[in-house]
2 protein chains.
Amino acid sequence: MVQVFDLKAKVKNSRSASCSPGIPCKIPPSYEISPETLETVKEVMDEDVSDTVAGLKALADPMRVRILKALRIADLCVCVLVELMDCEYSKLSYHLGVLKKAGLIECTQDGNFLIYHLTEFGEKKITSFGIF
Amino acid sequence: MVQVFDLKAKVKNSRSASCSPGIPCKIPPSYEISPETLETVKEVMDEDVSDTVAGLKALADPMRVRILKALRIADLCVCVLVELMDCEYSKLSYHLGVLKKAGLIECTQDGNFLIYHLTEFGEKKITSFGIF
DNA sequence: AAGATATTTAAAATATATTTGAAATGAAAA
DNA sequence: TTTTCATTTCAAATATATTTTAAATATCTT
């Protein structure tokens, strides 16, 4: 997934004086990008974002956000969540699975029941993401 | 989108002593949910999460995160971004559109060029969401 | 053991999001 | 004023995510 940029290889015969080194297009005269800045930009763009994105994806769903908000108040078993969310078990289970895989929630078994609770990681996430 | 819960209407003939009021299933004996807690849970679950989720969705994509990271370093025109991301204009444009619609970025026109920059809102978001 | 309950899993159906490629737009240069 | 350039828009193709329904598990109760 890590991309290596070789912009120089793409430079066309660009005649503009304001063209940034390694950038084939003629960038507008109103702003200049120093080679140093461009280097920094390339660096941050090369950083791996897959963890960040995976976390965001797990959160980016109304059902899942509501589940997290609920679990922030109390640990809840699936049967109670099903009633609160007014949905099928299988549907709820799918979303619980997504949250679990993302490490945001966990469950403990009590006989037939599974009681879900926020992980510390999940707690932190929803706090920093401003979900209350 | 706001759902109203009427759990009482759903109570079946539940015989378990540990059943929470208004919850048809027999919740496990290892934990009790007080009616007050349950009320609080219902309240937070009824809150509207659509803005939260829309914001998260806009962020939950590797390309978009990389764009935001880049714009955090410098304002960039589309032609430069195209090179840095190594992708088609139309593809980039789609993602820029998503970020723009979410209010995370804006652009200013300079002749033929569009120079994109983070909004203050976008700046705040990516900071609080731990995207650096 | 047999039946009931709570929950998950699997597979198909559906919905949503992204990518692609071509055409459209609008400003600048020739 | 025709051409070129930077960019967006559109529609079709593709990919990904979610929902649905039925069946599978596992634990309890009898």
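Chain letters run A, B, ... following the sequence lines, proteins first, then strands; residues in each count from 1. No experiment lies behind these values; they were computed from the predicted model shown.
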Colleague: Starting at CG of A:Leu76, measure out to CD1 of A:Ile115 and round the result to the nearest 0.5 Å.
Modeller: 9.0 Å
Colleague: B:Asn112 CG to C:dA30 C1': how many Å, rounded?
Modeller: 14 Å
Colleague: Quick one: which of C:dT8, D:dT18, D:dT8 gets closest to the side chain of A:Arg64?
Modeller: D:dT18
Colleague: Here's a test of your reading of the structure: between A:Met63 and B:Ser93, which maps to the more 5' nucleotide of DNA chain D?
Modeller: B:Ser93
Colleague: Does A:Ser90 get its side chain close enough to the base of C:dT7, under 3.5 Å, for a donor-acceptor pair?
Modeller: no
Colleague: Under the side-chain contact (heavy atoms from CB on, under 4.5 Å) test against A:Lys42, which residue among A:Val44, A:Thr40, A:Leu38 passes?
Modeller: A:Leu38
Colleague: Is a side-chain N or O of B:Arg66 found less than 3.5 angstrom from the main chain of A:Met45, in a donor-acceptor match?
Modeller: yes
Colleague: Measuring from atom NZ of A:Lys69 to atom CD of B:Glu43, what distance do you get when rounded to the nearest 0.5 angstrom?
Modeller: 11.0 Å
Colleague: Is there a side-chain polar atom (N or O) of A:His95 under 4.0 Å from OP1 or OP2 of D:dA17?
Modeller: no
Colleague: What nitrogen or oxygen pairs link the protein and nucleotides 11-15 of chain D at under 3.5 Å?
Modeller:
none

Colleague: Under 4.0 Å from OP1 or OP2 of C:dT8: is there any side-chain N or O of A:Tyr116 that close?
Modeller: yes
Colleague: Can you tell which of A:Thr119, A:Leu118, A:Leu99, A:Leu104 makes a side-chain contact (heavy atoms from CB on, under 4.5 Å) with A:Leu71?
Modeller: A:Leu118
Colleague: Without decimals, in angstroms, what is the distance between A:Lys91 NZ and D:dA22 P?
Modeller: 17 Å
Colleague: Taking CD from A:Glu88 and C1' from D:dT19, how many angstroms apart are they, rounded to a whole number?
Modeller: 10 Å
Colleague: Starting from C1' on C:dT16, measure out to NZ on B:Lys57 and report it in whole angstrom.
Modeller: 8 Å
Colleague: Let me know the distance between NZ of B:Lys100 and C1' of D:dT7, rounded to the nearest Å.
Modeller: 11 Å
Colleague: Whole-Å distance between D:dA24 C1' and A:Tyr89 OH?
Modeller: 16 Å
Colleague: With DNA chain D as reference, determine whether B:Ile115 or A:Ala60 sits nearer its 5' end, using the nearest nucleotide of each.
Modeller: B:Ile115
Colleague: Nearest whole angstrom, please: distance from the P of D:dA17 to the CG of B:Asp61.
Modeller: 11 Å
Colleague: Given D:dA17, C:dA6, D:dA6, which nucleotide is nearest the side-chain atoms of A:Phe113?
Modeller: C:dA6
Colleague: Please output the side-chain donor-acceptor pairs of residues 120-130 of chain B that fall under 3.5 Å, not counting sequence neighbours, one pair per line with the distance.
Modeller:
unit_1: B:Thr127; atom_1: OG1; unit_2: B:Glu123; atom_2: O; d: 2.7
unit_1: B:Ser128; atom_1: OG; unit_2: B:Lys125; atom_2: O; d: 3.2

Colleague: What is the distance from atom CD1 of B:Ile73 to atom CD of A:Glu39, rounded to the nearest 0.5 Å?
Modeller: 12.0 Å
Colleague: Specify the separation, in whole Å, of atom CG of B:Leu96 and atom P of D:dT7.
Modeller: 10 Å
